[in-house]
Asker: 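Starting off with a structure, shown below.
Note that the structure is a prediction, hence the values are computed from the model and not measured.
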Amino acid sequence: MRQQNKPILGAVLALLVLALLWSYNWIVTKSVLCYVGALDFTALRCAFGSLVLLVLLPLTGRPLKPPPWQPVLWVALFQTVGMTGLSQLALISGGAGKTAVLVYTMPFWVILLAVLFLGEKPRWSQGIAAAIAALGLLLVVQPWQWHGSLSSSLLAAASGASWAASTIAAKRAFRHQGVDLLNLVTWQMVAGTVVLSALAIVTHSTPIVWSWPMLLALGYNGVLATALGWTLWLFILRTLPTGVAGISTLMIPVLSVLWAWWLLDERPNHAEAGGIGLILLALALLAAPSVRAGRQRPGMQDEQDDEPPRS
């Protein structure tokens, strides 16, 4: 019995480490913008992450041969280029904590897109959670205030929607083409890096300050947030029920808000705080049924229907 509990305990510890790594990465990517342009850093972090993942593939016994290019290109367009690029642009004028919360509205965009493209019917609990999240999103974005970080809020929300689109593309690939998760993640990042590098070259306007903070941020993104982060996530998915593992997507924006409050002195106003609270409540409502189901069926997973969260 004790031997059976060891992998579960290890997965729980891995989940906590992963939440710390990915939540703190919002602070890292916000802070590094004084040394490098948003798209420049996005291209560099994805290039570094691609190299690490290409090394990781053979180390985990996977072939270097890429999966079918159609899902690779769709996921690359919406996840690496769309989600990562838009979220980095949102950080230019937006707070790290608020940006993280808006990007992690992804599950609610998935519900909408799954209805449109996968023919799935949402449960009533998902509808209630989506309505609560929509109200929270309205309070965070505050469209009645046409100054400040409205554009940043819209970019962050668009990043979450783009991430959701990549999730739908990945789910279709898992269902119909049986692609390996880490193989797809690696090659979509390679393809996305090519597009982001082209965009960075075209829009490059300020020189990169090659300093220790810049290099440390790049190393954190490439080694810890990407290579170690993806490895921890795969271990979590393999050990814990998918619904329980998915709760990490709730921990990440919560911790990001706390990191930003502590380290960057980002204090949300009353409307933003209320909106963030509603979004987190909606995420908890969305995760609860899956967690309960996972406890009832402790050994079952549905890896082929899930696309892991992105840092």
Asker: Does Thr226 use its side chain to pair, donor to acceptor, with the backbone of Gly49 at less than 3.5 Å?
Answerer: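 Here the side-chain-to-backbone pair does not exist.
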Asker: Of all residues at least two apart in sequence or in a different chain, which pass the side chain to side chain donor-acceptor pair (under 3.5 Å) check with Thr186?
Answerer: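 Once residues adjacent in sequence are excluded, Thr186 has no partner under the side chain to side chain donor-acceptor pair (under 3.5 Å) criterion.
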Asker: Going by heavy atoms in the side chains, are Val36 and Val209 under 4.5 Å from each other?
Answerer: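 No - every pair of side-chain heavy atoms lies 4.5 Å or more apart.
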Asker: Apply side-chain contact (heavy atoms from CB on, under 4.5 Å) to the pair Thr60 and Leu56, showing each step before the final yes or no.
Answerer: CA-CA 6 Å; Thr60 56; Leu56 190 62; 4.2 Å; yes
Asker: On a heavy-atom basis, which atom in Cys46 and which in Leu196 lie closest, and how many Å separate them?
Answerer: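 Between these two residues, the closest heavy atoms are SG-CD1, 3.8 Å.
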Asker: Just to verify, what does Thr105 make a side chain to side chain donor-acceptor pair (under 3.5 Å) with, not counting sequence neighbours?
Answerer: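 Trp109.
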Asker: For Val55, check side chain to side chain contact (heavy atoms under 4.5 Å, CB included) against everything at least two apart and list the hits.
Answerer: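 With sequence neighbours excluded, Val55 shows a side chain to side chain contact (heavy atoms under 4.5 Å, CB included) to Leu59, given in chain and number order.
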Asker: What pair of heavy atoms forms the shortest contact from Ala133 to Ile279, and how long is it?
Answerer: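 So the two residues come closest at O-CG1, 4.0 Å.
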Asker: Does anything in residues 42-75 form a ring pair (Phe, Tyr, Trp, His ring centres under 6.0 Å)? List the pairs, not counting sequence neighbours.
Answerer: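 Applying ring pair (Phe, Tyr, Trp, His ring centres under 6.0 Å) to every pair that reaches into residues 42-75, excluding sequence neighbours, yields Trp74-Phe78.
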Asker: Under the rule for side chain to side chain donor-acceptor pair (under 3.5 Å), what residues qualify as partners of Ser197, not counting sequence neighbours?
Answerer: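 Checked Ser197 against side chain to side chain donor-acceptor pair (under 3.5 Å); zero matches.
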Asker: When rounded to the nearest 0.5 angstrom, what is the spacing between OG in Ser31 and CG in Leu264?
Answerer: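 Rounded to the nearest 0.5 Å, the OG-CG separation comes out at 5.0 Å.
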Asker: Ignoring hydrogens, what is the shortest heavy-atom contact between Leu155 and Ala90? Give both atom names and the distance.
Answerer: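 Minimum heavy-atom separation between Leu155 and Ala90: CB-CB, 3.8 Å.
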Asker: Just by distance, do the side chain of Glu266 and the backbone of Val257 share a donor-acceptor pair under 3.5 Å?
Answerer: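 No, Glu266 side chain to Val257 backbone: no donor-acceptor pair under 3.5 Å.
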Asker: Are Leu224 and Leu216 linked, directly or through intermediate hydrophobic residues, by side-chain heavy-atom contacts shorter than 4.5 Å (ILVMFWY only)?
Answerer: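 Shared cluster, no.
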Asker: Please answer: with hydrophobic residues joined when any side-chain heavy atoms are less than 4.5 Å apart, are Leu44 and Val223 in the same cluster?
Answerer: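 Yes: a chain of side-chain contacts under 4.5 Å links Leu44 to Val223.
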Asker: Treating Trp22 as the side-chain partner and Ala225 as the backbone partner, does any N or O pair qualify as donor plus acceptor under 3.5 Å?
Answerer: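 Yes.
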Asker: In Å and rounded to the nearest 0.5 Å, what is the CG to CG distance from Leu13 to Leu232?
Answerer: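 Going from CG on Leu13 over to CG on Leu232, the span is 10.5 Å.
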Asker: Go through Leu21 and Tyr220 one step at a time and tell me if the side-chain contact (heavy atoms from CB on, under 4.5 Å) criterion holds.
Answerer: CA-CA 9 Å; Leu21 287 176; Tyr220 187 98; 3.7 Å; yes
Asker: Mind checking side chain to side chain contact (heavy atoms under 4.5 Å, CB included) for Val190 and listing every partner two or more places apart, or none if nothing turns up?
Answerer: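 If we apply the side chain to side chain contact (heavy atoms under 4.5 Å, CB included) test to Val190, skipping adjacent residues, the hits are Ser50, Leu54, Trp187.
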Asker: Would you say Pro253 and Val103 make side-chain contact, with heavy atoms under 4.5 Å?
Answerer: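 With C-beta onward as the side chain, the pair stays apart.
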Asker: Would you give me the side-chain donor-acceptor pairs under 3.5 Å for residues 200-208, sequence neighbours excluded?
Answerer:
from	atom 1	to	atom 2	distance (Å)
Thr203	OG1	Leu199	O	2.8
His204	ND1	Asp40	OD2	2.8
His204	NE2	Thr206	O	3.3

Asker: Applying side chain to side chain contact (heavy atoms under 4.5 Å, CB included), name anything that partners Leu91, two or more places apart in sequence or on another chain.
Answerer: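 Leu91: side chain to side chain contact (heavy atoms under 4.5 Å, CB included) contacts with Trp26, Thr29, Lys30, Leu33, Gln88, Ala96, Thr99.
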Asker: Between Leu89 and Leu39, does the side-chain contact (heavy atoms from CB on, under 4.5 Å) criterion hold? Intermediate values first, please.
Answerer: CA-CA 7 Å; Leu89 290 172; Leu39 287 179; 4.2 Å; yes
Asker: Would you say Lys98 and Ser153 make side-chain contact, with heavy atoms under 4.5 Å?
Answerer: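 Yes. Closest side-chain heavy atoms under 4.5 Å.
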Asker: Do Pro66 and Val72 come close enough that some side-chain heavy atom pair is under 4.5 Å?
Answerer: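 Pro66 vs Val72: side chains apart.
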Asker: What's the separation between atom OG1 in Thr84 and atom CZ in Arg45, rounded to the nearest 0.5 Å?
Answerer: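 If we round to the nearest 0.5 Å, Thr84:OG1 and Arg45:CZ are 5.5 Å apart.
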Asker: Check step by step if side-chain contact (heavy atoms from CB on, under 4.5 Å) holds for Leu57 and Leu182.
Answerer: CA-CA 8 Å; Leu57 277 180; Leu182 187 59; 4.0 Å; yes
Asker: If you look at every heavy atom in Ala271 and Leu139, which pair is closest and at what distance?
Answerer: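 It is O-CB, 3.5 Å.
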Asker: Going by the side chain to side chain donor-acceptor pair (under 3.5 Å) test, which pairs reach into residues 252-262, not counting sequence neighbours?
Answerer: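 Every side chain to side chain donor-acceptor pair (under 3.5 Å) pair that includes a residue of residues 252-262, provided the two are not neighbours, is Ser23-Trp259.
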Asker: According to a hydrophobic-cluster definition based on side-chain heavy atoms being under 4.5 Å apart (Ile, Leu, Val, Met, Phe, Trp, Tyr only), do Leu51 and Val195 belong together?
Answerer: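 Unlinked, Leu51 and Val195 end up in two clusters.
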Asker: What residues form a side chain to side chain contact (heavy atoms under 4.5 Å, CB included) with Val194, not counting sequence neighbours?
Answerer: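 Partners of Val194 by the side chain to side chain contact (heavy atoms under 4.5 Å, CB included) criterion come out as none, since no residue qualifies.
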Asker: Does anything in residues 177-204 form a salt bridge (charged side-chain N to carboxylate O under 4.0 Å, His left out)? List the pairs, not counting sequence neighbours.
Answerer: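 Residue pairs passing salt bridge (charged side-chain N to carboxylate O under 4.0 Å, His left out), neighbours aside: Arg62-Asp180.
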Asker: In Å, rounded to the nearest 0.5 Å, how long is the span from OG of Ser162 to CG of Leu77?
Answerer: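 The CG atom of Leu77 is 7.0 Å from OG of Ser162, to the nearest 0.5 Å.
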Asker: Ignoring hydrogens, what is the shortest heavy-atom contact between Leu113 and Ala161? Give both atom names and the distance.
Answerer: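 In terms of heavy atoms, the two residues are closest at CD1-O, 4.3 Å.
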Asker: So, the side chain of Ser152 versus the backbone of Gly94: is there a donor-acceptor pair under 3.5 Å, distance only?
Answerer: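 Side chain of Ser152 to backbone of Gly94, a donor-acceptor pair under 3.5 Å: yes, one is there.
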Asker: Can you confirm whether Phe41 sits close enough to Tyr35 that some side-chain heavy atom of one is under 4.5 Å from a side-chain heavy atom of the other?
Answerer: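 No; the side chains remain at least 4.5 Å from each other.
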Asker: Please name the pair of heavy atoms, one in Val28 and one in Asn221, separated by the smallest distance, quoted to 0.1 Å.
Answerer: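 Closest approach of Val28 to Asn221: CG1-ND2, 3.9 Å.
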Asker: Gln188 side chain to Val185 main-chain N or O, any donor-acceptor pair under 3.5 Å?
Answerer: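 Such a contact is found between Gln188 side chain and Val185 backbone.
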Asker: Distance check, rounded to the nearest 0.5 Å: Leu281 atom CG versus Ile132 atom CD1?
Answerer: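 Output value for this atom pair is 5.0 Å.
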